[in-house]
Amino acid sequence: QVQLVESGGGLVQAGVSLRLSCLASGLTFSSYAMGWFRQAPGQEREFVTAITWSGGNTYYADSVKGQFTISRDNAKNTVYLQMNSLKPEDTAVYYCAAGRVISKMRSGYNYWGKGNQVTVSS
């Protein structure tokens with residue numbers, strides 16, 4: 001079955017960088033667009049960034065443009081989220097997702113990871 005497993009989160013201080021990874025299995029990774037979403041306590045799960053199957057096109061939420069970078073390595077079945085200059089408001093559970101086409105919508109993704117907590121202290 002399809003599995004998406006996020007890793008790399010943790011508790012960090014504001015201003016530092018962190019890189020999340022999402023390892024996919026059970027699907028032809030290079031055929032799927034990949035996305036990152038996040039959900040803060042008491043809030044809806046929101047779009048963060050997404051990348052096409054080839055890596056040739058990316059989308060970013062306005063709130064993370066210039067701060068976060070998505071990338072992928074199809075040989076390793078892994079998508080990455082590089083997060084720089086982290087702020088307390090970036091605190092959330094971060095989820096990766098796989099879908100047939102790139103999308104900013106949760107409904108555009110077929111498979112989801114279980115999430116990885118990122119906590120940024122001030």
Side-chain angles (χ1 to χ4, degrees):
Q1 72 276 21
V2 176
Q3 283 194 313
L4 302 177
V5 180
E6 303 95 339
S7 61
L11 172 61
V12 297
Q13 289 196 325
V16 304
S17 298
L18 205 58
R19 188 177 79 160
L20 302 183
S21 300
C22 173
L23 175 63
S25 61
L27 77 171
T28 305
F29 182 73
S30 59
S31 296
Y32 282 81
M34 299 297 296
W36 286 98
F37 290 73
R38 66 185 180 185
Q39 187 167 16
Q43 297 189 22
E44 296 275 323
R45 191 173 301 187
E46 65 173 3
F47 171 77
V48 176
T49 180
I51 189 167
T52 52
W53 64 271
S54 67
N57 195 17
T58 55
Y59 295 165
Y60 291 93
D62 287 343
S63 58
V64 304
K65 275 181 186 175
Q67 182 191 2
F68 290 5
T69 303
I70 190 171
S71 62
R72 67 189 296 159
D73 186 338
N74 286 346
K76 295 183 178 179
N77 284 8
T78 302
V79 62
Y80 304 99
L81 179 62
Q82 178 67 42
M83 304 184 292
N84 297 330
S85 303
L86 282 163
K87 312 166 190 174
E89 51 264 43
D90 295 317
T91 294
V93 177
Y94 284 73
Y95 297 87
C96 70
R100 283 298 191 175
V101 295
I102 192 170
S103 174
K104 296 181 181 181
M105 307 292 291
R106 286 178 293 174
S107 59
Y109 294 88
N110 306 100
Y111 305 107
W112 292 83
K114 293 184 178 180
N116 197 224
Q117 178 70 47
V118 172
T119 303
V120 184
S121 63
S122 57

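Side-chain N or O atoms of Asn116 include one that pairs as donor or acceptor with a backbone N or O of Gly9 at under 3.5 Å. Checking side-chain atoms of Ser103 against main-chain N and O of Met105 turns up a donor-acceptor pair under 3.5 Å. Arg100 places no side-chain N or O within 3.5 Å of a backbone atom of Asn110 that could act as its donor or acceptor partner.
With Phe47 as the fixed residue, the ring-ring contact (aromatic ring centres under 6.0 Å, His included) test singles out one of Tyr95, Phe37, Tyr94, Tyr109: Phe37.
Among all heavy-atom pairs drawn from Pro88 and Ser122, the shortest one is CG-CB, 3.8 Å. Closest approach of Asn84 and Ser17 over heavy atoms only: OD1-OG, 2.9 Å. Between Ile70 and Tyr60, the closest heavy-atom pair is N-OH, 2.9 Å. Considering every non-hydrogen atom in both Ala98 and Leu4, the closest pair reads N-CD1, 3.8 Å. Across Val79 and Met34, no two heavy atoms sit closer than the pair CG1-CE, 3.9 Å. Summarising the geometry of Ala92 relative to Arg38, their closest heavy-atom pair is CB-CB, 3.8 Å, with the distance given to 0.1 Å.
Geometrically, Lys104 engages Tyr59 in a cation-pi contact, judged by NZ or CZ lying under 6.0 Å from the ring centre and within 45° of the ring axis.
Counting heavy atoms from C-beta outward, Val118 and Leu20 have side chains that approach closer than 4.5 Å. Proximity of Ser71 to Arg19: side-chain heavy atoms (C-beta onward) are nowhere separated by under 4.5 Å.
Atom CZ in Arg72 sits 12.0 Å away from atom OG1 in Thr58 (nearest 0.5 Å). Note: Gln3 CD to Leu27 CG = 11.0 Å, rounded to the nearest 0.5 Å. Residue Thr49 holds its OG1 atom at 7.0 Å from CG of Leu81, rounded to the nearest 0.5 Å. Here the straight-line distance linking atom OG of Ser85 with atom CZ of Phe68 works out to 9.5 Å at 0.5 Å rounding. Interatomic distance, Thr91 OG1 to Leu86 CG, rounded to the nearest 0.5 Å: 8.5 Å. Rounding to the nearest 0.5 angstrom, the gap separating the CG atom in Leu18 from the CE atom in Met83 is 4.5 Å.
Salt bridge status for Arg106 with Glu44: present, with a side-chain N to carboxylate O gap under 4.0 Å. Salt bridge absent: Lys114 and Glu6 never bring a charged side-chain N and a carboxylate O closer than 4.0 Å.
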Please step through salt bridge (Lys or Arg N to Asp or Glu O under 4.0 Å) for the pair Lys87 and Asp90, ending with a clear verdict. CA-CA 5 Å; Lys87 312 166 190 174; Asp90 295 317; 5.7 Å; no
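In this view, Trp53 satisfies the ring pair (Phe, Tyr, Trp, His ring centres under 6.0 Å) rule with no residue, not counting sequence neighbours.
Counted by atom type alone, Thr119 and Gln117 present one or more donor-acceptor pairs between their side chains at under 3.5 Å. For Thr78 and Asp73, the side-chain atoms include no donor-acceptor pair closer than 3.5 Å.
Val2 and Ile102 are members of different hydrophobic clusters when ILVMFWY side chains are connected at heavy-atom separations under 4.5 Å.
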